[in-house]
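Below: one structure, written as structure tokens.
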Amino acid sequence: MIKNTPTAGCSEYICRTFVIRKTLEMGKDITNRADDYSQWYIDLVKKADLAENSDVRGCMVIKPYGFSIWEKMQQALDKMFKDTGHSNAYFPLFIPKSFLAKEASHVDGFAKECAIVTHYRLKNNPDGSGIMVDPDAKLEEELIVRPTSETVIWNSYKKWIQSYRDLPILINQWCNVVRWEMRTRLFLRTSEFLWQEGHTAHATSKEAEKETLQMLDVYADFAENFMAVPVIKGKKSEGEKFPGAIDTYCIEALMQDGKALQAGTSHFLGQNFAKAFDVQFTNKEGKLELVWGTSWGVSTRLMGALIMAHSDDDGLILPPKLAPIHVVIVPIFRTEEELAKISATVESIATSLRKLGLAVKFDNRDTYKPGYKFAEYEMRGVPVRIAIGPRDLENGTVEVARRDTKEKQVMKMEDVVDEIPKLLEAIQQNIYKRALKFRTENTRKVDSYNDFKKALDETPGFILAHWDGTKESEAAIKEETKATIRCIPLDAPTEIGKCIYSGKPSDRRVLFARAY
RNA sequence: CGGGGUGUAGCACAGCCCGGUAGUGCGUUACGUUCGGGACGUAGAGGUCGGAGGUUCGAAUCCUCUCACCCCGACCA
């Protein structure tokens, strides 16, 4: 094969072996998105060392690397909450059954997915074969493992609020919740998940509504500027809103397979929970009035959004603002002496980069070859990789590779400190723009039910279409196409049209998609 | 809850149809050679074959029951 035309044949041979080799190696790692998107996602979560299934049904173990990304999200969000006047607090994991029953639509919404504590003691089996629940230790009243905390929090608010002077109450809690889902998927839907839930109480409807929309803006800001995921802000239809809310607002993101993902919600609760828990205050006029409420939350589901929005067949792609490691430095060396020389240079580069607030990892393990490390950090989505070898030491250069485009460049060592922060910023911008471009290209206006169905099957994505505003049409469309109204976009312009399903008049387009 | 699948070494799997020394790859340990895109050699360690019962001289393998998890649906702030 190589012997015929030495030069051309040789390079062709090398090239081909490389491709075959690469294909095999990649196949060994993660499924291609094009072959099976769902499997790609699962492979990626596991191979990037983000999380794994635990032996507890529907529950995941979030591994250190995955958790460190979640911590970065928490830090950024927590600051945004504090900056908008909120404080953190903590309420119990357990909710007495009677609490949950107080708000009718709330209990309807969650009843089918609750974990319930009925006993408080175990004992040895009489036959000595392990342990059993002690039937004598039955609880007077069952405890529900919180699926969300409105009830237990409003029960406290009743004690805390007497006068308009006690308002507003602006509280957030970081915690775990349990929803006994039929079917689970790592990060996207797990029986137990981590989240934050904000719960605020206000003297007026106007103020509560303002809070609801303010937090929606915070979420959108976070999604776009930290996660680099463009989102559409909107209002949920009656059928899709939170049980117990007057209005539910949300941010909706589009994943690479054309399915929508609800990335955060903010609810205007009206006086529903105040009514249920009898939370009244004396207003300035000395009259008793019910308190107005909001609640809002984002969860570890954001991890799913982050993964699916940007990553490729080689692994995770992380936005620099949420990457636990910004820059990984891989030394290329043969001997310990070479490594020692390189280390000296690396230390000075790493120190200067760290002074800029960057997380820099120097991977000087001698147990893995450089190629292995390159692949590993690509899998983990580290935005920038610097390679330094003997050749670089001679030339005073380094090799810089960016994860988002896989481009490599040779950079002068003295430029590194100036250029890397710019490069990270460029990556942050680039992946946002790429995601936005994808969304734009996969958002379609459709005016007939046939085109709607065709679009869903042939070119999945967001669909903007007219809807008559009725539950009946919404339900029928969902039943027939599995597409749901993701939201009524807040910025939707008034536009006269006809509902794609019923043909009845409509004054604006709403956002449809199949969703996670 | 319906459909499908899987439980055998840390991980991925073969062996089962047709019963008879529990295997392969990766990882791991030691040593040596390697190191600019996923290295290789040699030697070693590592297994209640998901669980219970049954058939049999003998069960990872056949039969019955059972448990668990995963995937695809249905459901779902």
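Every chain is numbered from 1, with letters handed out A, B, ... down the list of sequences.
- Scanning atom types as modelled, no donor and acceptor separated by under 3.5 angstrom connect the side chain of A:Glu399 and the base of B:G37.
- In this model, the phosphate group of B:C69 is not approached by any side-chain N or O of A:Asn53 to a distance below 4.0 Å at OP1 or OP2.
- Donor-acceptor pairing under 3.5 Å, judged by distance alone, is absent between the side chain of A:Arg334 and the base of B:G36.
- Atom CD of A:Glu338 is separated from atom P of B:C35 by 10 Å (rounded to the nearest Å).
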Given the rule in the ring pair (Phe, Tyr, Trp, His ring centres under 6.0 Å) test, do A:Phe277 and A:Tyr157 qualify, once you have shown the distances and angles that lead to the verdict? CA-CA 9 Å; A:Phe277 286 86; A:Tyr157 284 180; over 10 Å; no

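- In this structure B:A68 sits in a base pair with B:U6, meeting the Watson-Crick or G-U test at under 3.5 Å.
- The partner of B:U56, taking Watson-Crick or G-U wobble pairs whose two distances both stay under 3.5 Å, does not exist in any strand shown.
- In this structure, A:Met182 atom CE and B:C76 atom P are separated by 9 Å, rounded to whole Å.
- When rounded to the nearest whole Å, the span between NZ of A:Lys46 and P of B:C11 equals 12 Å.
- For the pair A:Tyr368 OH and B:C40 C1', the interatomic distance rounds to 16 Å; values are reported in whole Å.
- A cation-pi contact, defined as under 6.0 Å to the ring centre and within 45° of the axis, links A:Arg385 to A:Phe374.
- For B:C71, its base never sits under 3.5 Å from the side chain of A:Arg183 at any donor and acceptor pair.
- Spacing between atom CG of A:Asp366 and atom C1' of B:G36 amounts to 17 Å, rounded to whole angstrom units.
- In this entry the distance linking CG of A:Asp392 with C1' of B:C35 reads 15 Å, nearest Å.
- As judged by a 4.0 angstrom heavy-atom cut-off over every strand, A:Gly109 is placed among residues making no nucleic acid contact.
- Between the base of B:G37 and the side chain of A:Lys408 there is a donor-acceptor pair shorter than 3.5 Å.
- Using cut-offs of 30° and 60° on the angle between ring planes, the pair A:Phe193 and A:Trp195 is perpendicular.
- At the heavy-atom level, A:Glu181 lies under 4.0 Å from base atoms of the strands shown.
- B:G15 and B:G23 are spaced 7 Å apart, taking the C1' atom of each and rounding to whole Å.
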Stepwise ring pair (Phe, Tyr, Trp, His ring centres under 6.0 Å) check, A:Trp296 with A:Phe81: CA-CA 11 Å; A:Trp296 28 273; A:Phe81 300 155; 5.2 Å; yes

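- Rounding to whole angstrom units, CZ of residue A:Arg185 and P of B:A74 are separated by 12 Å.
- Rounded to a whole Å, the CD atom of A:Glu479 is 11 Å from the C1' atom of B:A74.
- Ring geometry for A:Trp70 against A:Trp174 counts as perpendicular: the plane angle is over 60°, on a 0 to 90° scale with 30° as the lower cut.
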